[in-house]
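Convention: sequence-line order gives letters A, B, ...; per-chain numbering from 1.
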Protein chains: 2
Amino acid sequence: MSKQESWTSAGSDDPRLACPITPVVDIVFSRWTTPILWTLHREGRMRFVELQRHIGTVTPKVLTQRLRQLERDGLVLRTYHPEVPPRVEYEISELGRSLAPLFAKLAEWSADHLDSVETARLAYDGGTLP
Amino acid sequence: MSKQESWTSAGSDDPRLACPITPVVDIVFSRWTTPILWTLHREGRMRFVELQRHIGTVTPKVLTQRLRQLERDGLVLRTYHPEVPPRVEYEISELGRSLAPLFAKLAEWSADHLDSVETARLAYDGGTLP
DNA sequence: CAGGATCCACTTGGATACTG
DNA sequence: CAGTATCCAAGTGGATCCTG
């Protein structure tokens, strides 16, 4: 396999789409989406405030926005129980679960190379502002 | 393998770190970073304006900011040639190349599931505002 | 050519208060 | 409880001009 073909098999010269994975990044790696998906995957079905507490510092407004987007993209399922007080549960969908190997790869790269990034940063900062 | 352990082997209950892959996402999936890395990987060493033209609509200021960040994180190498006119070349580093399988996984997921996302969006939009 | 400097428009996200 | 509505601070990206 040539080094030119290791990431993509078909070469597109369209300057407007220099990176074919941009749409996926927009869907999966928007802010707060990875903590949400990660938590829902690990902890299973969960209520709104539970989710909020697990993630930490996230305001209800923003959490709602992200959950709506994830629901629209089919990565998260929302179940509304018409009771008093109302109860809403969120869970990861099958499509969301299909991201598992991807996230595993990400965690793997993190474990293998995150310290290299830290080293590079220290070298850069030390070399530019001593 | 239980479904609780498929993404992470050790369970952390620290609410401040609900998602262990957040740092990687910040490093690799900041805005413009994937087009930059993708282009540099596919096209090889490249000058500033070349890179700018390949990516499309990106202002020099922002491109410089992202390149500085990628250089600091050790993902991109910058070579300055003191000539007139000055010539600067950017290329992907070894650490940057180590992202290749990750990006491949991303492209794979994209090819397999992006249409499902589109379908989910159409269903969601059709069901909420008919 | 490769940016740095400056100014500005817009978007995001947080804080707060309120509702069904 | 599960949001929505409103206001507001901050960060971000674009446009323009300028330099070595």
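The side chain of B/Arg68 contributes an N or O atom lying less than 4.0 Å from OP1 or OP2 of C/dG4. Between A/Tyr90 and D/dC1 there is no side-chain N or O to OP1 or OP2 distance below 4.0 Å. Remark: B/Arg78 is in phosphate contact with C/dG3, judged by side-chain N or O atoms under 4.0 Å from OP1 or OP2. Proximity of A/Arg47 to the phosphate of D/dA2: a side-chain N or O atom is located under 4.0 Å from OP1 or OP2.
Atom C1' of nucleotide D/dG3 and atom CE of A/Met46 are separated by 18 Å, given to the nearest angstrom. The CD-P distance, from A/Glu83 to D/dG3, rounds to 13 Å in whole Å. The interatomic distance linking B/Leu67 (CG) with C/dC1 (C1') rounds to 15 Å, in whole Å. Rounded to whole Å, atom C1' of D/dG14 lies 11 Å from atom CH2 of B/Trp32. Computed from coordinates, the B/Gln65 CD to D/dG11 C1' distance equals 11 Å when rounded to whole Å. Here D/dG3 presents its P atom at 11 Å from CD of A/Gln52, a figure rounded to the nearest Å. Going from atom CZ of B/Arg31 over to atom C1' of C/dT12 covers 10 Å, rounded to whole Å. Atom-to-atom, CZ of B/Phe48 to C1' of C/dG3 comes out at 6 Å; the value is rounded to the nearest Å.
Of the candidates D/dG13, C/dG3, C/dC1, the closest approach to any side-chain atom of B/Val88 belongs to C/dG3. Distance from the side chain of B/Thr64 is smallest for C/dG4 among the nucleotides C/dA2, C/dG4, D/dT4.
Taking a 6.0 Å sphere around CZ of B/Arg121, one finds it holds more than 12 heavy atoms contributed by other residues, nucleotides or ligands. Enclosure of atom CZ in B/Arg72 by more than 12 non-hydrogen atoms of other residues, nucleotides or ligands within 6.0 angstrom is indicated.
Using cut-offs of 30° and 60° on the angle between ring planes, the pair B/Phe29 and B/Phe103 is parallel.
The pair B/Arg97-B/Glu94 meets the salt-bridge criterion, with a side-chain N (NZ, NE, NH1 or NH2) lying under 4.0 Å from an Asp/Glu carboxylate O.
Here the CZ atom belonging to A/Arg45 is positioned 11.0 Å from the CG atom belonging to A/Leu40, to the nearest 0.5 angstrom.
Judged by distance alone with a 3.5 Å cut-off, a donor-acceptor contact links the side chain of A/Lys61 to the base of C/dG14.
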